[in-house]
Amino acid sequence: MKKEDMKIAVVCSSNQNRSMEAHAFLKKKDFDVHSFGSGTQVKLPGASMHQPNIYDFNTTYEEMYRDLASKDHQLYTGNGILRMLDRNRRIKPKPERFQDSSLLFDMIVTCEERVYDQVLEEFENRTVRLYKPVYVVNIDILDNHEAATLGAITINDFCQKVKDSADLDGYIEEVIIRMDNSDWTNLLYAVVFY
Amino acid sequence: MGKQQSKNARMSGGMKEWELDYSLKKQPVIAVGKNGGANNELRAPKGLDIHEPNQLIYIADSVRTCTRGEGEGDLGEPLGLCPDYNGDVYVVDSDNKRVYVYSNELAFIKYLGTQQLQDPRDVKVTPNSILVLDGSPNRFYFFSRIGHLYQITCLSRFDLNSVSFFSLDPAGNILVVSYRSEIIIVISPSGQLLHRIGENGGPPVIYPNGICVSLSRSIYLTTFDGDLQVRELIIRKDPSLLDNFLEEVISFLGDSSSHVKQFVISFLEEACVKDPKTIIQVVPSIPFMLEDQDLHVVKRVIRCLSQLYKIAIKYVASIKRADERIQELWETMTEIKNQTMELIDSENDGVRTFAIKFLEVLFLAHSKRTHSSEVPAGTENDVSLEKIPPGHPILKISSLREDAGISVNKLLFLVASPSITSTNLMVCISSLTTIARQRPAQLLTVIQSFELLFANLPPNFTRAQVSSVRKLLKMQCLTLYRHHCAVDYKSQISTLLTGLGATPYELSRYAPRPPPEISKHKARQELSNTGANQVQGDKDEMEGDLEKETPEIRRVIEAVELTAEDIRPLLSNPDIVTDIVISSLKRLPDTMPSSFRDVYTPIESAGTEAQVRQLAKLLANQMTARGIGIGAEKLELSHSLNEQQKSDARSLKRTYEEYLTEKQMAELGLEAKKSKDGSHSHTESRQPFSNILSTLLGSNPYNSQVSKRLSPMGPALPPYMQSHGESDLTQNIMDIQQMDLDSKTSKRKMAVIPKPKQIKQFKLSDITITHMDDSIKEKLMIQSIKRIFEAEESALRGESSQERVKLIINLITNYGGVLRDALRQFIVEDLRSRIELALAWLYQEYVIAQGYIRDDDPRTDYEQYDACLCGLLHALKDKLDPRDRLFSKLLLEAPRITENALVIVRQYCQDEDRVSIGIGTLTELILNRPSSPGVYLQNLLELTIHEKEEVIIHPVKVSN
């Protein structure tokens, strides 16, 4: 399968860390990739656990960057949030919500089980019109910078494997079984239809 | 050829493939111009045109030209270009504001229109004229072929912002591109605006540059970023043009490229969605595509069929008067449908995935939508059974419904298949859920099949597959749970959900929604009216249909239900449950398997009624899978009934006889068991047989007779007796069969003879162990003979002690050795009542000794006989009361008195306590055995001179 033939979506909760890390990585590897968040709002860590910074999906990365930089430049540089937002704003203007997207993908990778559930639920609520299958694959990635980097590499490995198979529908099962033996945490997958 | 500044690239290649190859990466045949030869990549492609007779594409590249106008025929900034029919090429140079004409060898010929043109952009050549598009102001210049300007047409009324290029389609329409507005307008030859492509939700026209339309009316565009684009723009904009295109597009299905075919299929799909009439032209080419070598194409076709099928039914249904074409269309469609349904057994996972989805569509289209159906947004107009007018000339509702039954059964069968892949399984699960949600009549069946699946997930799944499938199953069950028709099955689904790990919170969140207000009202009305309950009606109707279709899965489900009901009361008995737990504890592995840890969820509602029911169902599932339990027996029975109906009477008789012998064999095998176990297992295996018998004899005049014979043989009878009784009985039945056959009325009656499918042909070699230790053999022999001994009482009750005695004696005398000792011991235990047995043994030994039994071995040695007789006599002597006359009875009955026996008699006579018996016996022998009285007399007389007085008295008396 050609890289450009395979449309991939990476979904995490806020479309900031995990999905964007994978987005950046896969884009470098020439995949046709999009990234999404599945939550209702975009949440970023704040001064304490109980005071997260909450934005809606219409806020651009640029605006978030400026907002946080003005709030506490030192804190957000220290915890890597500003660096992350800086990376994100170079990739695309603003976070996107998966539920609002009408694009068609061949494969959707989710970064935690809750997101996987939300994605499947979204498909449950949509009407099947095109009968085009899409494979939803979950792999648990912790929401921190290091895990996101490792997760992006794992997702890339997976996408490479799928790409190398001649026929997505016929071989996805085999790829999953092979990946099951590796150290993926909480590997889940499903096939749903557009 | 002079130094040409034009960047006219002539490219070859199959036109068809080009149309779909979006980015232009073909090698040019000739690239001319200053930079032309070196690097063939396009930098800023502008005008383009196609010379179809030579299969060439011409493209002008405005960046890679050299300095402007250096010499004759050198180009400044070439924009549009066009080859004429002779192959001469016309190129617009916007720098020099004129049109250049080159030969087909790209040698400069002449200029055109040097005076009039302000900002020439593009040129097209028709057989009669040369059209030049000028950008300031927007207008067309018409030149004759020899270069005279004869007409100017202004474009201002079309409200175009910066026109760039244009093209003519085969019908003479003019397509003009506006690169700033990113639209294409189509103008008829008479100057009327036909379409504006790229607006109002149509396909976007991005950075358009050069345009041309091929003879097959595909539009080519060169775009700003160097890509050559092909768009099927017209179809979406103007269905009326579709007719012209369709034939040509369909012809591309013969192309060798998989991409082309897939593209064409999606094109056709879209065309049919847009205009259902198109389907008549499209459908005939589909069967051919389904057999394509390329799996991608096959999958694309099935995907497309999911749409086309609905459209086809809807279209056919909408036509009241069927003409030949419609008839043909439907016939082809039916053929395609059957072909696709078979693909569910394809080897390729992906193809199966699509085929499963097609079955879902098929079912939904072939079944009725009711007011309790969920209707997903946007499918309100989808076809379903109730929209097909009854009595339609082509669409027969009954056969459609039949198809629905087949398709849902196929899905159910697939879900229960142990070899299914997890991908397919998940598609099946979601398809069945969709079916259940949209056709609530199927809800119960679907839930039952999910329960079956939950208990029997395919065993070869890996951890991720198991957890994925369980998760999906849970999710789908939750959506079913929410369905307002699920209220009836609430406890069933919630137990299943709890088993799948759903939390009470989830259950309450997804609790069945009350039906919408309107339908509630409606339902109440219907209840009060004669309409009763439409759902119920539908259900019955549906199930009625499905019954016809040998619903294998349904039967299995029924069998499971039956067994579950049967064992459920047992599970509330603490003793039985404890036994089950303890016996299964032994089989648990030492370490916990990782798969168990992953899927284990603590049982929330242990011990409740619902949980016990669920547990019973799980057990019943396993039992049915292994063919145990009443459900499985019923299933087996109906199986054999079904099969049997198909074969003829003669073969029936044979199989039935086989069955009987096998049955007897099986019974005999059971004999080997201890009578306690034996009678128990016997009860189980008996039951189906008597069931079968009663079915078999249901309408038979001999019924009462046979059942009378059946009745005294309760399950309490010992195995030996039963096998005996039964062979009698089977003989009887066979007689009946024979009579039936003879009277030639057999067929009807024979039709119900069951064929015992699960009983294998009995082969001794299968169950015999060839190498067995002698000591084990002996031990087993003794054990088995002892079991026969122990069956004494029951044999007596069954009036078959004679046969039993015969059996024992034959066994003993044939296998001898240790068995003799065993028998002697057995007889000695209760001499008085077993004297018959003893005598029978004695006779048999005598017969053998005389050589009556085996002609080939006429030995007349009485060793065994002697041993037998003496052994018995010794035993009598040791065991019995001294005055017991059994001793003399045995001796008198014995066919021959051996030396050793006589010694014992003498011992008797010399014993003070036994002397009367001994002498009496001797006397009797003398009187009753005239053959050799001398020997006995001699003995008697010798006794008269015995040292003991007591002894002497008796023989003297006798002698007197």
Side-chain angles (χ1 to χ4, degrees), chain A residues 1-2 4-6 102 104 106-107 110 113-140 158 162 165-194, chain B residues 22-23 259 266 269 273 294-296 299-300 302-307 346-354 356-358 360-361 375-380 382 421-427 429-431 433-434 437 460-472 474-476 478-479 598:
Chain A
M1 194 168 200
K2 288 189 212 151
E4 58 265 29
D5 284 354
M6 194 168 77
S102 58
L104 304 183
D106 294 301
M107 199 163 70
T110 63
E113 195 167 339
R114 198 169 49 85
V115 176
Y116 175 81
D117 290 348
Q118 283 167 335
V119 169
L120 288 193
E121 196 175 330
E122 169 64 19
F123 276 101
E124 197 64 45
N125 294 333
R126 287 186 190 178
T127 310
V128 178
R129 288 167 200 275
L130 300 174
Y131 302 99
K132 176 185 158 51
V134 50
Y135 298 90
V136 188
V137 180
N138 178 64
I139 156 184
D140 274 10
F158 178 71
V162 173
S165 67
D167 160 24
L168 179 66
D169 306 306
Y171 289 91
I172 182 100
E173 176 120 359
E174 208 181 304
V175 177
I176 293 279
I177 292 172
R178 250 186 293 153
M179 296 306 276
D180 197 16
N181 298 325
S182 62
D183 51 356
W184 278 41
T185 44
N186 199 10
L187 178 59
L188 292 168
Y189 88 109
V191 46
V192 285
F193 289 81
Y194 279 110
Chain B
Y22 277 47
S23 53
H259 280 271
S266 58
E269 181 180 344
V273 171
D294 193 302
L295 284 172
H296 289 100
K299 286 189 285 189
R300 191 65 191 80
I302 306 174
R303 205 185 117 184
C304 160
L305 275 175
S306 300
Q307 297 257 33
S346 157
E347 282 174 15
N348 183 281
D349 220 18
V351 173
R352 285 200 301 268
T353 304
F354 285 94
I356 293 167
K357 208 67 191 167
F358 177 75
E360 176 198 315
V361 172
V375 182
T379 64
E380 293 84 358
D382 271 14
T421 64
S422 57
T423 317
N424 286 170
L425 183 57
M426 287 196 274
V427 180
I429 293 174
S430 27
S431 280
T433 315
T434 313
R437 281 170 65 187
N460 51 349
F461 277 10
T462 64
R463 192 193 57 83
Q465 286 173 307
V466 170
S467 44
S468 303
V469 171
R470 280 176 64 105
K471 192 161 179 62
L472 187 85
K474 178 183 149 192
M475 203 170 275
Q476 301 294 329
L478 279 176
T479 49
D598 292 329

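Chain A is the first sequence line, chain B the second, and so forth, proteins listed ahead of strands; every chain is numbered from 1.
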Legend entry - chain B contacts, top residue of A/N125, A/L120, A/L187, A/D169 (heavy-atom pairs, under 4.5 Å): A/D169
Legend entry - Residue, of A/L130, A/N186, A/I172, that accumulates the most heavy atom pairs under 4.5 Å with chain B: A/L130
Please look at [X] and chain B and tell me whether the side chain, the backbone, both or neither of the residue comes under 4.5 angstrom of a heavy atom of that chain.
| X | value |
| --- | --- |
| A/Y135 | side chain |
| A/N138 | neither |
| A/R129 | both |

Legend entry - Under the salt bridge (Lys or Arg N to Asp or Glu O under 4.0 Å) test, residues paired with B/R437 that sit two or more places apart: A/E124, B/E374
Legend entry - Options B/P376, B/G350, B/S422, B/C304, ranked by heavy-atom pairs under 4.5 Å with chain A, top entry: B/S422
Legend entry - Among the listed options B/V469, B/V361, B/N424, the residue most often paired with chain A at heavy-atom distances under 4.5 Å: B/V361
Would you compute the distance between atom [atom1] of [X] and atom [atom2] of [Y] and round it to the nearest 0.5 angstrom?
| X | Y | atom1 | atom2 | value |
| --- | --- | --- | --- | --- |
| B/D382 | A/T127 | CG | OG1 | 9.5 Å |
| B/S467 | A/E113 | OG | CD | 8.5 Å |
| B/R470 | A/L188 | CZ | CG | 12.0 Å |
| B/T462 | A/R178 | OG1 | CZ | 12.5 Å |
| A/I176 | B/T421 | CD1 | OG1 | 12.0 Å |

Inset, instruction - Verify the neighbour count for atom CZ of B/F461: are there more than 12 heavy atoms of other residues, nucleotides or ligands below 6.0 Å? - result: yes
Legend entry - Within 6.0 Å of CD in B/E380, more than 12 heavy atoms from elsewhere: yes
Pick one of side chain, backbone, both or neither for [X], based on which atoms fall under 4.5 Å of a heavy atom in chain A.
| X | value |
| --- | --- |
| B/V351 | neither |
| B/F354 | side chain |
| B/E360 | neither |

Inset, instruction - Evaluate the salt bridge (Lys or Arg N to Asp or Glu O under 4.0 Å) criterion for residues B/K471 and A/D117: first the C-alpha distance (whole Å), next the side-chain angles of each, then the deciding distance (0.1 Å), finally the verdict. - result: CA-CA 9 Å; B/K471 192 161 179 62; A/D117 290 348; 2.9 Å; yes
Inset, instruction - Using modelled atom types only, decide if a donor and an acceptor are shared between the side chain of B/Q465 and the backbone of A/I177 within a distance under 3.5 Å. - result: no
Inset, instruction - Output all residues satisfying side-chain contact (heavy atoms from CB on, under 4.5 Å) with A/V128, sequence neighbours left out; order by chain, then residue number. - result: A/Y131, A/F193, B/K357
